[in-house]
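Every heavy atom of this structure was used, including side-chain atoms; hydrogens, water molecules and symmetry mates were not.
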Amino acid sequence: MTGAVTDDLDKHIRVSEIFGPTIQGEGLLIGQPTVFVRTGGCDFRCSWCDSLHAVESRFREDWRPLTVEAIWMKVEALSKGSPLMVSLSGGNPAIQPLGPLITHGKARGYRFALETQGSIARPWFADLDVLVISPKPPSSDMAFNLQALLSCLDQAGARPRTVLKFVVFDEADLQFARVVSAQCPNLPVYLQPGNHTPPPPEAEDAVIDMDGIMARMHWLIGRVMAEEWYEATVLPQLHVLLWGNRRGV
Ligand code: SF4
């Protein structure tokens, strides 16, 4: 699915979970306090998706259709009314009509970051403070659409800080990241080693393959240095190191 999708202001937002404040575990905002609003539904089915509870239709009954006001009451209660960064994730949050929520929160001093795979462009991307586009590499078994990604950048314009983030499991993923990044030479690039651990909810307490993650982290750092890709930032998923697969932290 590509291109702009018309916002329906009357439509409720499908929410999988709202939690925090906690730290952002990945990428540009790693370590920064945030409240997460995770929407339900995704147009992708990545082979290693770690958020199946917000993707697969068998969990649809857990996704509540909420108004902007209802979401905002929860965000304000969690943050005790102190403005902070609200992280919009999914699933693919670009499916949902999030423009009014962003407008509502920004009028109250909150900031908004959104992460998407870059398959659906929305005009309200321009209202974000941070846009993280995470194109899915070959190991995801998903097809990449450069035009869709460029449409997302076009919709975002100059307003948000926009970055690329890539999950990397192997050499093919790394080379994918290089090729896609070369198409967007002005965007900062974040690389993170993939995590093979089965995702929640079935495997909420699964033992994280920490040795595997660390081995991929070392390999990835070595490869980035060998390629002299000095513009890239290599980071682990901090929340996985701290809390494993547990939800809502
Ligand atoms: S795009 Fe993200 S949420 Fe959707 S299936 Fe892939 S990893 Fe999961």
Which is it for V130 and M85 under the side chain to side chain contact (heavy atoms under 4.5 Å, CB included) test, yes or no, and what are the steps along the way? CA-CA 9 Å; V130 173; M85 183 70 79; 4.1 Å; yes
Closest heavy-atom contact between [X] and [Y]?
X: T34; Y: S87; value: OG1-OG, 2.8 Å
X: P137; Y: W48; value: CD-CZ2, 3.7 Å
X: A126; Y: P160; value: O-CD, 4.1 Å
X: T22; Y: W243; value: OG1-CH2, 3.7 Å
X: D173; Y: S139; value: OD2-OG, 2.6 Å
X: F59; Y: L52; value: CD1-O, 3.3 Å

Test item: [X] side-chain N/O and [Y] main-chain N/O as donor-acceptor pair under 3.5 Å:
X: R38; Y: G90; value: yes
X: R14; Y: W63; value: no
X: S57; Y: R60; value: no

Quick one: pull up [atom1] in [X] and [atom2] in [Y] and give me the separation to the nearest 0.5 Å.
X: L29; Y: I23; atom1: CG; atom2: CD1; value: 11.5 Å
X: M142; Y: C42; atom1: CE; atom2: SG; value: 8.5 Å
X: L220; Y: L191; atom1: CG; atom2: CG; value: 5.5 Å
X: Q96; Y: I120; atom1: CD; atom2: CD1; value: 9.5 Å
X: L131; Y: Q155; atom1: CG; atom2: CD; value: 11.0 Å
X: D129; Y: L114; atom1: CG; atom2: CG; value: 11.5 Å

Do [X] and [Y] have side chains that approach each other closer than 4.5 Å (heavy atoms only, starting at C-beta)?
X: L128; Y: I102; answer: yes
X: T116; Y: R122; answer: no
X: W219; Y: P193; answer: no
X: N145; Y: L149; answer: no
X: F144; Y: V179; answer: no
X: M217; Y: Q237; answer: no
X: L66; Y: H12; answer: no
X: T39; Y: I95; answer: no

Hey, quick one: are [X] and [Y] part of the same hydrophobic cluster, counting side-chain heavy atoms closer than 4.5 Å, chains of contacts allowed?
X: I221; Y: L174; result: yes
X: W229; Y: M225; result: yes
X: F36; Y: F112; result: no
X: V132; Y: V240; result: no
X: I13; Y: V55; result: no

So the side-chain hydrogen bond (donor to acceptor under 3.5 Å, both in side chains) pairs with at least one residue in residues 177-192 (sequence neighbours excluded) are R178-E227
Practice item. With side chain to side chain contact (heavy atoms under 4.5 Å, CB included) as the test, would you mind laying out the steps for F44 and S119 before giving the verdict? Key: CA-CA 9 Å; F44 277 24; S119 56; 3.8 Å; yes
Do other residues, nucleotides or ligands put more than 12 heavy atoms under 6.0 Å from the NZ atom of K106? yes
Counting neighbours of CD on E69 that are heavy atoms of other residues, nucleotides or ligands and sit closer than 6.0 Å, is the number greater than 12?
yes
Under 3.5 Å, side-chain donor or acceptor atoms of residues 207-216 against the rest of the protein: list the pairs with distances, not counting sequence neighbours.
unit_1 : atom_1 : unit_2 : atom_2 : d
D209   : OD1    : G212   : N      : 2.9
R216   : NE     : G194   : O      : 2.9
R216   : NH2    : G194   : O      : 3.1

Next on the checklist: Checking T103 against V68 for the side chain to side chain contact (heavy atoms under 4.5 Å, CB included) test, could you report, in this order, the C-alpha distance in whole Å, the side-chain angles of both residues, the deciding distance, and whether it holds?
Outcome noted: CA-CA 10 Å; T103 302; V68 167; over 6 Å; no
- Given side chain to side chain contact (heavy atoms under 4.5 Å, CB included), test L84 with Y110 step by step and report yes or no. CA-CA 5 Å; L84 81 176; Y110 286 70; 3.6 Å; yes
Partner of S134 under side chain to side chain contact (heavy atoms under 4.5 Å, CB included), picked from E26, E115, Q117, is E115
